[in-house]
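Whatever order the structure lists them in is the order used to number ligands and atoms, beginning at 1. Quick caveat, the model's predicted, so the values are computed rather than measured.
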Amino acid sequence: MDPLIQSIQENVINGQKAPVENLVRQALEAKLPPDEILNTGLIAAMKEVGARFEAGDFYVPEMLIAARAMQAGLAILKPHLVQGGIQSAGRVVIGTVKGDLHDIGKNLVSMMLEGAGFEIFDLGTDVAPEKFVAAIKENNAGLLGMSALLTTTMSNMKLVLAALKEAGVREQVKVMIGGAPVTDSFAKEIGADGYAPDASRAVTLAKSLMGN
Ligand code: B1M
């Protein structure tokens with residue numbers, strides 16, 4: 001592995017925000033591919049953080065500072081992942097479901113969709129079903145994206161689908177879902193239109209759902 005990528009990993013794991021920013025800049029200057037910096041550097045580091053949390057070696061504060069360092073690195077990387085000037089591929093309302101505060105994956109999906117030319121209406125985290133419904137109506141969105149990182153919150157996606165039906169807008173939007181505990185079979189079970197395991201496949205799915 002490139003030593004710069006290895007340093008990015010280590011510094012994200014240790015929550016070193018400023019060094020992560022500098023290292024991502026250096027990696028870009030060294031012409032390392034942005035997707036390698038993202039996948040092998042930043043995302044791999046967060047997997048390790050999760051593993052340490054599970055093993056009881058890390059607690060919530062360590063997870064939180066690692067997440068801040070990751071987000072800072074991601075912000076530097078964003079212009080290199082997102083290419084501007086593409087015609088709108090459709091309007092997407094996106095958010096993390098109620099009860100869930102994880103937003104790194106959702107932000108990454110938003111960023112990649114934006115790069116593929118979608119217009120993004122990001123509702124943030126802990127989004128209640130009625131807020132999703134209101135945003136879809138208000139922005140006349142054709143696609144809804146929901147993210148959940150907790151096994152206890154993924155069931156809230158089902159409540160959003162019920163709220164869409166109740167409000168009479170289910171036919172207006174395609175629904176795609178994702179997040180670590182979410183699966184394709186779960187998507188089918190709750191009646192979503194598709195599931196994507198990562199941000200780049202979320203773009204492929206969004207395009208196919210929107211007929212692009
Ligand atoms: Co939390 N957390 N966390 N956490 N956290 C997990 C998810 C956990 C798996 C850690 C573990 O135990 N190994 C575990 C969940 C267990 C479970 O439910 N099975 C967990 C827990 C337990 C908790 C708390 C309950 C801890 C506590 O308080 N005791 C608590 C819950 C708070 C809440 O939400 N109500 C909590 C809190 C936090 C922090 C706030 C400290 C922080 C989040 C900060 C933030 O997001 N701003 C945090 C973090 C950082 C994590 C881990 C370590 C990393 C998540 C992450 O950012 N991954 C995570 C462990 C892990 O996932 N390995 C963990 C990187 C990101 C790029 O990947 O989000 O999976 P991911 O997104 C991917 C794909 O999933 C997909 O594409 C993305 C890019 O490739 N994707 C989509 C995501 N959304 C999509 C939507 C789509 C399509 C694809 O379409 C719309």
Hey, could you give me the CG/NZ distance between Asp103 and Lys106, rounded to the nearest 0.5 Å? 5.0 Å
Distance under 4.0 Å to a non-hydrogen atom of Asp100: what atoms of ligand 1 satisfy this? 34 (O)
Over all heavy atoms of both residues, which pair between Ala148 and Val182 is shortest? Give the atoms and the distance, please. O-CG2, 4.1 Å
Looking only at heavy atoms, is any part of Gln71 under 4.0 Å from ligand 1, and if so is it the side chain, the backbone, or both, or is it neither? side chain
So how far is it from Ile76 CD1 to Gln26 CD, rounded to the nearest 0.5 Å? 11.5 Å
Of all the non-hydrogen atoms in the protein, which one sits nearest to atom 54 (C) of ligand 1, and at what distance? Met46 CE, 3.9 Å
How far apart are the C-alpha atoms of Thr96 and Asp126, what are their side-chain angles, what is the distance that settles it, and do they pass the side chain to side chain contact (heavy atoms under 4.5 Å, CB included) test? CA-CA 6 Å; Thr96 303; Asp126 190 22; over 6 Å; no
Specify the protein heavy atom at minimum distance from atom 73 (C) of ligand 1: its residue, its atom name, and the distance to 0.1 Å. Gly105 CA, 4.2 Å
Which residue and non-hydrogen atom of the protein lie closest to atom 34 (O) of ligand 1, and at what distance in Å? Leu101 N, 2.7 Å
Before signing off on this row, confirm whether Asp198 and ligand 1 have an N or O atom pair separated by under 3.5 Å. no
Enter the distance from Arg25:CZ to Ile37:CD1 here, rounded to the nearest 0.5 Å. 12.0 Å
What's the shortest distance from atom 8 (C) of ligand 1 to any protein heavy atom, and which residue and atom give it? Phe53 CD2, 4.9 Å
Is there side-chain contact between Met112 and Ser200, with at least one heavy-atom pair below 4.5 Å? yes
Between Leu205 and Tyr195, is there a side-chain heavy-atom distance shorter than 4.5 Å? no
Are Val175 and Ile177 close enough that some pair of their side-chain heavy atoms sits under 4.5 Å apart? yes
Applying salt bridge (Lys or Arg N to Asp or Glu O under 4.0 Å), run through Arg52 and Glu48 and close with a yes or a no. CA-CA 6 Å; Arg52 292 191 189 184; Glu48 176 59 23; 2.8 Å; yes
Has ligand 1 got any nitrogen or oxygen that is less than 3.5 angstrom from a nitrogen or oxygen of Gly50? yes
Stepwise, does the salt bridge (Lys or Arg N to Asp or Glu O under 4.0 Å) test hold for Asp193 with Arg170? CA-CA 11 Å; Asp193 299 301; Arg170 178 64 185 97; 3.0 Å; yes
Measure from atom 31 (C) of ligand 1 to every heavy atom in Asp126, Leu150, Thr151, Leu205 and give the option owning the shortest one. Leu150
Counting non-hydrogen protein atoms only, what is the nearest one to atom 13 (N) of ligand 1? Give residue, atom name and distance. Glu54 OE1, 2.6 Å
His102-ligand 1 polar pair, N/O distance under 3.5 Å: yes
Sub-4.0 Å protein heavy atom next to atom 87 (C) of ligand 1: yes
Any atoms of ligand 1 less than 4.0 Å from a non-hydrogen atom of Ala180? List them with their elements. 70 (O), 75 (O)
I need the contact type for Thr153 against ligand 1. Using non-hydrogen atoms and a strict under-4.0 Å cut-off, is it side chain, backbone, both or neither? neither
Leu108 N/O to ligand 1 N/O under 3.5 Å: no
Among Asn107, Val93, Val127, Val92, which residue satisfies the side chain to side chain contact (heavy atoms under 4.5 Å, CB included) criterion with Asp122? Asn107
Tell me, which protein residue and heavy-atom name are nearest atom 44 (C) of ligand 1, and how many Å apart are they? Ala67 CB, 3.7 Å
Would you check the N or O atoms of Ile94, main chain and side chain alike, for any that come under 3.5 Å of an N or O of ligand 1? no
Closest to atom 9 (C) of ligand 1 among protein heavy atoms sits Leu149 O, 4.8 Å
Should Glu114 and Glu119 count as side-chain neighbours, where that means a heavy-atom distance under 4.5 Å? no
Within ligand 1, which atoms have a heavy atom of Gly179 less than 4.0 Å away? 75 (O), 81 (N), 82 (C), 83 (C), 84 (N), 85 (C)
Within the structure provided, determine whether Phe118 and Arg91 are in side-chain contact (heavy-atom separation under 4.5 Å). no
Counting only heavy atoms closer than 4.0 Å, does ligand 1 sit against the backbone of Ala51, its side chain, both, or neither? neither
Which atoms of ligand 1 have any heavy atom of Leu64 under 4.0 Å away? 40 (C), 41 (C)
Examine ligand 1 and decide if any of its atoms is less than 4.0 Å from a heavy atom belonging to Pro181. no
Ligand 1 to Gly145, heavy atom cutoff 4.0 Å, flagged ligand atoms 91 (C)
Judged by heavy atoms only, the candidate from Ala187, Gly56, Gly178, Pro197 nearest atom 76 (C) of ligand 1 is Pro197
Side chains of Asp100 and Thr125: closer than 4.5 Å at any heavy-atom pair? no
Using side-chain heavy atoms (C-beta onward) and a distance below 4.5 Å, is Leu150 in contact with Met154? no
Would a 4.5 Å heavy-atom cut-off, applied to side chains only, mark Leu144 and Val160 as touching? yes
Considering only protein heavy atoms, which is closest to atom 28 (O) of ligand 1, and at what distance to one decimal place? Val60 CG2, 3.6 Å
Can you tell me if Val109 has a non-hydrogen atom under 4.0 Å from ligand 1? yes
Is atom 24 (C) of ligand 1 in close reach of the protein, with a heavy atom under 4.0 Å away? no
